[in-house]
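Worksheet: the structure to be examined is printed underneath.
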Amino acid sequence: MKKIITFFISLLFFTISSKANDRDIQLNRLFNELKINNAALVYGTEQKIWEIWTTHPTDEKLTLKLSKGTNLMQGNTLSESIEIFSDLIELDPNWAEAWNKRATALYLIGDYEGSQKDIDKVLELEDRHFGALAGQGLVNIKLENYEKAIESYKRAQEIYPAMQSPKIMIEQIEQLIKQQLI
């Protein structure tokens, strides 16, 4: 009996590990495609990356819960969405997108320090998260850390050269810095 239980535990671990490995391989391929720097082609690639990020690797219920929290956030029901994202983080602290969604909701309520802490966690788990880097740029603008904001946008641009917001925001921040020097 003990051997059977050990076998099934090993099989379960192998299946989860295999899915995680497949996910990493797929993300690596998609991030290489982002480097093409052709806006018409990379939009679809970006959408595939977001689909992977917003889909929990092993639990469909968590994916549905993230979707519910996102819908609440988009409907400006921010405190409830933060509760959902916090629950998700508690259930799986290694799911970068749960941290990213909570960082966004915290930004929207004006908790920039809290948002930055969550973004730090997102980038620890997925250092290529161009959405979190763009969000970090916005947080640093609010905190008047303009050079850090520019750095965040430059990192996002390195990962995703066709992404438009870094180009626009870097230019706006540089203008803001010049105006403050006058």
Counting C-beta onward and ignoring hydrogens, is there a side-chain heavy-atom pair between Asn76 and Leu78 closer than 4.5 Å? yes
Where Ser81 and Leu72 come nearest, the two heavy atoms and their spacing: CB-CB, 4.0 Å
Between Ser152 and Gln136 the two heavy atoms that sit nearest each other are OG-OE1, 2.8 Å
N/O donor-acceptor pair under 3.5 Å between Glu60 side chain and Thr58 backbone: no
Is there a path of hydrophobic side-chain contacts, each under 4.5 Å between heavy atoms of I/L/V/M/F/W/Y residues, joining Tyr146 to Met169? yes
Pairwise distance CD(Gln179) to CD1(Ile177) - rounded to 0.5 angstrom: 10.5 Å
By salt bridge (charged side-chain N to carboxylate O under 4.0 Å, His left out), Glu46 pairs with (sequence neighbours left out) none
Quick one: closest heavy-atom pair of Pro166 and Ala156, and the distance? CG-CB, 4.1 Å
Any chance the side chains of Gln116 and Asp120 put a donor and an acceptor closer than 3.5 Å? yes
Could you go through the side-chain contact (heavy atoms from CB on, under 4.5 Å) check for Asn71 and Ser67 one step at a time? CA-CA 6 Å; Asn71 289 336; Ser67 180; 4.0 Å; yes
How long is the span from the CZ atom in Arg128 to the CG atom in Leu34, to the nearest 0.5 Å? 9.5 Å
Testing the basics here: between Lys167 and Pro161, what is the closest heavy-atom pair and its distance to 0.1 Å? NZ-O, 2.7 Å
May I ask you to decide whether Lys121 forms a salt bridge with Glu124, counting only side-chain N to carboxylate O separations under 4.0 Å? yes
Atom CD of residue position Glu51 - does it have more than 12 heavy atoms of other residues, nucleotides or ligands inside 6.0 Å? no
Linking I/L/V/M/F/W/Y whenever any side-chain heavy atoms sit under 4.5 Å apart, do Ile82 and Leu138 land together? yes
Just how far is it from atom CD1 of Ile150 to atom CD1 of Ile141, taken to the nearest 0.5 Å? 8.5 Å
Taken to the nearest 0.5 Å, the spacing of Ile119 CD1 from Tyr107 OH works out to 9.5 Å
Is the shortest side-chain heavy-atom distance between Glu113 and Leu143 below 4.5 Å? yes
Lys35 side-chain N/O to Glu158 backbone N/O, donor-acceptor pair under 3.5 Å: yes
Kindly compute the distance separating CD (Glu151) from CG (Asn140), expressed to the nearest 0.5 Å. 8.5 Å
Might you work through the side-chain contact (heavy atoms from CB on, under 4.5 Å) test for Lys178 and Gln175, ending with a clear yes or no? CA-CA 5 Å; Lys178 284 180 186 175; Gln175 288 298 319; 4.1 Å; yes
Tested for side chain to side chain contact (heavy atoms under 4.5 Å, CB included) against Glu33, the lone hit among Thr45, Leu41, Val42 is Thr45
Quick check: are there more than 12 heavy atoms from other residues, nucleotides or ligands sitting under 6.0 Å from CD of Gln47? yes
Nearest non-hydrogen partners of Ala98 and Leu66, listed with the distance: CA-CD1, 4.0 Å
Flag yes if Leu125 and Leu27 sit in one hydrophobic cluster, no otherwise; membership is Ile, Leu, Val, Met, Phe, Trp, Tyr, and two members link when side-chain heavy atoms are under 4.5 Å apart. no
Within-4.5 Å side-chain heavy-atom neighbours: Tyr153 and Ile173: yes
Indicate whether the side chain of His56 and that of Glu97 have a donor and an acceptor atom separated by less than 3.5 Å. no
Heavy-atom count around Lys117 NZ within 6.0 Å, excluding the residue itself: above 12? no
Closest non-hydrogen atom pair, Ile159 against Leu133: CD1-CD1, 3.5 Å
Between Thr55 and Ile52, is the side-chain contact (heavy atoms from CB on, under 4.5 Å) condition met? List the steps. CA-CA 5 Å; Thr55 302; Ile52 291 170; 6.0 Å; no
Transitively linked via ILVMFWY side-chain contacts under 4.5 Å: Leu64 with Phe85? no
Do Asp92 and Asp59 have side chains that approach each other closer than 4.5 Å (heavy atoms only, starting at C-beta)? no
Whether the side chain of Asn145 engages the backbone of Lys148 through a donor-acceptor N/O pair (distance < 3.5 Å, no angle test) should be reported. no
Determine, using the 4.5 Å side-chain heavy-atom cutoff (strictly less than), whether Tyr43 and Phe31 are members of one ILVMFWY cluster. no
To the closest 0.5 Å, what do you measure between CD (Glu147) and NZ (Lys154)? 8.0 Å
Exactly one candidate in Trp95, Trp99, Phe130 meets ring pair (Phe, Tyr, Trp, His ring centres under 6.0 Å) with Trp53; the answer is Phe130
Do Glu126 and Asn100 pass the side-chain contact (heavy atoms from CB on, under 4.5 Å) test, and can you show the C-alpha distance, the side-chain angles, and the key distance before you say yes or no? CA-CA 10 Å; Glu126 173 54 82; Asn100 186 55; over 6 Å; no
